[in-house]
K.L.:
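Have a look at this one.
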Number of protein chains: 2
Amino acid sequence: MNGHLYKCLNNANRRKILYCIGKEEKCVNEIAECLDLEQSLTSHHLKDLYDCGLIEKKRKGKRIYYKVSEPEIIEILEKGKELGDRLEKRC
Amino acid sequence: MNGHLYKCLNNANRRKILYCIGKEEKCVNEIAECLDLEQSLTSHHLKDLYDCGLIEKKRKGKRIYYKVSEPEIIEILEKGKELGDRLEKRC
DNA sequence: CACTTGTATAAATGACCGTTCATATGAATA
DNA sequence: TATTCATATGAACGGTCATTTATACAAGTG
């Protein structure tokens with residue numbers, strides 16, 4: 001899923017993960033619990049996000065911590081959300 | 001495809017259409033020719049974009065003219081492109 | 001009204017995506 | 001080293017998407 005930014009963003013769970021680790025790094029289980037997702041599914045999405053370059057990872061002992069790789073990613077998400085909301089009202 | 005902004009943006013042809021009618025309105029055949037797409041496929045994508053609120057339409061005689069419904073849509077596209085390029089280099 | 005032009009729509013198909021389940025790997029600890 | 005905890009991976013599935021083909025509709029023109 002390399003270089004497919006929009007593909008990565010086109011999934012609510014992946015977007016939630018980005019918001020979840022936008023300000024603070026978290027390990028896989030924390031993320032999974034935070035979003036009420038299965039560990040396996042969380043790992044799959046994290047891989048997609050990582051391959052796309054949207055997140056970074058760092059191992060600490062058994063755990064692997066992920067965080068969003070640059071702040072503008074969250075800004076774009078927020079702009080996208082605002083735009084989406086605005087467009088919906090238009091109808 | 002109502003309210004699915006990212007789904008709409010997650011397709012190169014639809015993004016090209018947005019760029020194509022970002023500054024000036026064009027009719028379906030002009031868009032199709034401009035992007036070298038079949039008329040039918042162009043219409044399908046235009047419907048998706050329209051249902052999402054990303055574009056507006058206006059009939060003039062036989063032809064129907066489409067244009068992007070607000071400038072920020074193109075801005076977001078450009079920000080997305082910049083981010084995507086930046087993330088690719090990172091790898 | 002018949003015809004032409006411009007656009008939309010419906011069905012079909014192959015490809016891709018998200019999720020789940022089962023299993024593997026990797027690191028720490030007893 | 002055997003076990004446990006944390007995470008990753010692979011296969012399989014049902015669903016969705018993009019595209020093509022064929023056809024319908026809508027508006028102007030002869």
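Each chain gets a letter, A, B and so on, in the order its sequence line appears, and its residues count up from 1.
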K.L.:
With heavy-atom distances below 4.5 Å as the criterion, would you say the side chains of A:Y6 and B:K7 are in contact?
P.N.:
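No, too far: nothing below the 4.5 Å cut-off.
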K.L.:
With a 4.0 Å cut-off on heavy atoms, is B:Y66 in touch with a base, just the backbone sugar-phosphate, or nothing at all?
P.N.:
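Sugar-phosphate contact only - B:Y66 comes under 4.0 Å of backbone atoms but never of a base.
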K.L.:
Output the rounded distance in Å from CD1 (A:I17) to P (C:dG18).
P.N.:
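The answer, rounded to whole Å, is 11 Å.
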K.L.:
Assess whether a salt bridge exists between B:K26 and B:E24, defined as any Lys/Arg side-chain N lying under 4.0 Å from an Asp/Glu carboxylate O.
P.N.:
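Yes, charged N to carboxylate O under 4.0 Å.
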K.L.:
Return the value, rounded to whole Å, for the distance between atom OH of B:Y65 and atom P of C:dA8.
P.N.:
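Checked: the OH to P distance equals 13 Å.
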K.L.:
Just wondering, do B:E70 and A:L83 contact through their side chains at under 4.5 Å, heavy atoms?
P.N.:
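The answer is yes; the side chains approach within 4.5 Å.
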K.L.:
Regarding B:K60 and B:E25, does a basic nitrogen lie under 4.0 Å from an acidic carboxylate oxygen?
P.N.:
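Yes, charged N to carboxylate O under 4.0 Å.
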K.L.:
Go through the side-chain N and O atoms of B:E38 and B:T42 and say whether any donor and acceptor fall under 3.5 Å apart.
P.N.:
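Checked: B:E38/B:T42 side chains show no N/O donor-acceptor pair below 3.5 Å.
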K.L.:
Atom CG of B:L46 and atom P of C:dT9: how far apart are they, to the nearest Å?
P.N.:
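Atom CG in B:L46 sits about 11 Å away from atom P in C:dT9.
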K.L.:
Roughly, in whole Å, what's the span from CZ in B:R14 to C1' in D:dT16?
P.N.:
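Result: 12 Å.
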K.L.:
Return the value, rounded to whole Å, for the distance between atom CZ of B:R63 and atom P of D:dT29.
P.N.:
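It works out to 11 Å between those atoms.
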K.L.:
Provide, to the nearest angstrom, the distance between the CD1 atom belonging to B:I64 and the P atom belonging to D:dC25.
P.N.:
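In whole Å, D:dC25 P and B:I64 CD1 are 15 Å from each other.
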K.L.:
Nearest whole Å is fine: how far is D:dT19 C1' from B:L37 CG?
P.N.:
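Distance, rounded to whole Å: 10 Å.
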K.L.:
What is the distance, rounded to the nearest whole Å, between atom NZ of B:K7 and atom C1' of C:dC16?
P.N.:
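In whole Å, C:dC16 C1' and B:K7 NZ are 14 Å from each other.
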K.L.:
Starting from the C-alpha separation in whole Å, work towards a yes-or-no answer on side-chain contact (heavy atoms from CB on, under 4.5 Å) for B:C8 and B:D48.
P.N.:
CA-CA 7 Å; B:C8 244; B:D48 294 338; 4.2 Å; yes
K.L.:
Starting at the 5' end of nucleotides 19-30 of chain C, put B wherever the base has a protein heavy atom under 4.0 Å, S where only the sugar-phosphate does, and a dash everywhere else.
P.N.:
SBBB----BS--
